[in-house]
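In what follows, chains are A, B, ... by sequence order, proteins preceding strands, each numbered from 1. For the numbers below, each heavy atom of this structure counts, side chains included, while hydrogens, waters and symmetry mates do not.
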Number of protein chains: 2
Amino acid sequence: MGNEDSYVALGLKTWNDQIDRADKLFGGLSSEEILREIAPGKNRLLYLWGHLTAVHDAMLPLLLLGERLHPEFDVAFISNPDKSRAEIPSHEEVRRAWNTVNAELRTGFEQMPWSDWALRHSAVSEVDFAKDSSRNRFAILLSRTNHLSYHLGQAVLGRK
Amino acid sequence: MGNEDSYVALGLKTWNDQIDRADKLFGGLSSEEILREIAPGKNRLLYLWGHLTAVHDAMLPLLLLGERLHPEFDVAFISNPDKSRAEIPSHEEVRRAWNTVNAELRTGFEQMPWSDWALRHSAVSEVDFAKDSSRNRFAILLSRTNHLSYHLGQAVLGRK
């Protein structure tokens with residue numbers, strides 16, 4: 001394995017490690033616990049879980065792995081703050097979507113030729129990518145992994 | 001620039017972006033604000049800042065960039081929880097150490113040949129590295145970047 005593949009493998013390992021942490025943390029919460037706030041007046045755990053699910057779902061088209069599975073999550077978990085809407089997806093709906101979306105990403109990552117990580121992602125045009133080749137799929141992987149870590153640090157505060 | 005260099009450059013960019021966020025977040029706090037808890041009964045911002053400083057300081061020998069500059073931070077910010085010791089480094093001491101340590105890392109990163117990121121870090125033996133070459137310096141960079149993001153997600157809760 002050359003260094004190039006080794007770096008991609010490490011990026012994927014770091015992603016998978018954080019997904020595993022999130023699976024354990026969120027997946028083990030009861031229906032009462034998921035409604036707890038991470039700190040007084042701050043986001044509830046359910047909101048964070050739905051937010052992460054929506055952001056990961058958007059990675060599917062961004063990395064050219066397929067269509068979004070749950071675009072309806074955005075209004076509840078991205079474009080509006082927590083506790084601003086009466087109707088948001090339920091605990092079970094978020095759990096199912098989280099599992100489905102991350103499984104779809106995992107399959108996509110496994111099937112993607114590793115050199116594809118250096119290609120442009122779908123939110124950058126060919127013209128702009130020609131000017132700045134750092135706007136590639138690996139950049140998305142690293143930034144979304146850190147986004148997940150950021151919210152994991154918060155979610156851990158909401159546990160008993 | 002080949003893909004290999006592009007991946008390393010992205011790893012470094014992600015690190016630098018998180019350092020910049022931490023600079024802004026912690027660096028802008030007053031002496032009263034730095035003593036605020038991120039949530040009731042949880043770590044104070046000063047503790048998180050010192051903790052990150054200690055962990056980054058330990059990266060210097062781990063990445064073979066030099067000796068530790070502040071090994072005395074460990075007892076206050078790693079091996080003991082917050083509020084368990086009467087004497088810990090002051091706000092100004094943490095600020096100075098944070099700036100010095102991260103500047104030293106930045107210089108080291110700039111001078112390191114990029115192919116060195118695929119070499120073993122100092123906490124793994126040559127024998128073990130021969131069995132698992134993923135235990136390299138790039139792995140440390142990715143994991144410490146995520147560690148920083150994790151605590152940034154917490155620190156942001158402690159701001160007014």
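Note on A:L62 and A:W98: same hydrophobic cluster, where clusters join Ile, Leu, Val, Met, Phe, Trp and Tyr whose side-chain heavy atoms are under 4.5 Å apart, directly or indirectly. Cluster membership for A:I140 and A:L65, using ILVMFWY side-chain heavy atoms within less than 4.5 angstrom, is shared. A:F129 and A:M59 fall into different hydrophobic clusters, where Ile, Leu, Val, Met, Phe, Trp and Tyr are joined by side-chain heavy atoms under 4.5 Å apart, directly or via other members. Residues A:L157 and B:L152 fall within the same hydrophobic cluster, defined by Ile, Leu, Val, Met, Phe, Trp and Tyr side chains chained together at heavy-atom separations under 4.5 Å.
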Run the numbers on B:Y150 and A:V156 for side-chain contact (heavy atoms from CB on, under 4.5 Å), then give the verdict. CA-CA 10 Å; B:Y150 182 92; A:V156 79; 3.3 Å; yes
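Taken from OG1 in B:T145 to CG in A:L142, the straight-line distance is 8.5 Å, to the nearest 0.5 Å. Between atom CG of residue A:L10 and atom CG of residue B:N136 there is a gap of 5.0 Å, rounded to the nearest 0.5 Å. In this structure, B:N146 CG and A:L148 CG are separated by 8.0 Å, a value rounded to the nearest 0.5 Å.
Side chain of A:Q154 to main chain of B:G153: a donor-acceptor pair is present (N/O by atom type, distance under 3.5 Å, no hydrogens or angles).
Shown here is B:E126, whose CD atom has no more than 12 heavy atoms of other residues, nucleotides or ligands within 6.0 Å. Applying the 6.0 Å contact sphere to CD of A:E92 captures more than 12 heavy atoms from other residues, nucleotides or ligands.
Contacts of residues 18-56 of chain A with chain B at a heavy-atom distance below 4.5 Å involve A:Q18, A:R21, A:I38, A:A39, A:P40, A:K42, listed in sequence order. Of residues 71-83 of chain B, not one residue has a non-hydrogen atom less than 4.5 Å from any non-hydrogen atom of chain A.
Partner of B:Y7 under the ring pair (Phe, Tyr, Trp, His ring centres under 6.0 Å) criterion, out of A:Y7, A:F138, A:W114, A:W117: A:F138 alone. Checking A:V8, A:N3, A:D5 one by one against B:E4, the side chain to side chain contact (heavy atoms under 4.5 Å, CB included) holds for a single residue, A:N3.
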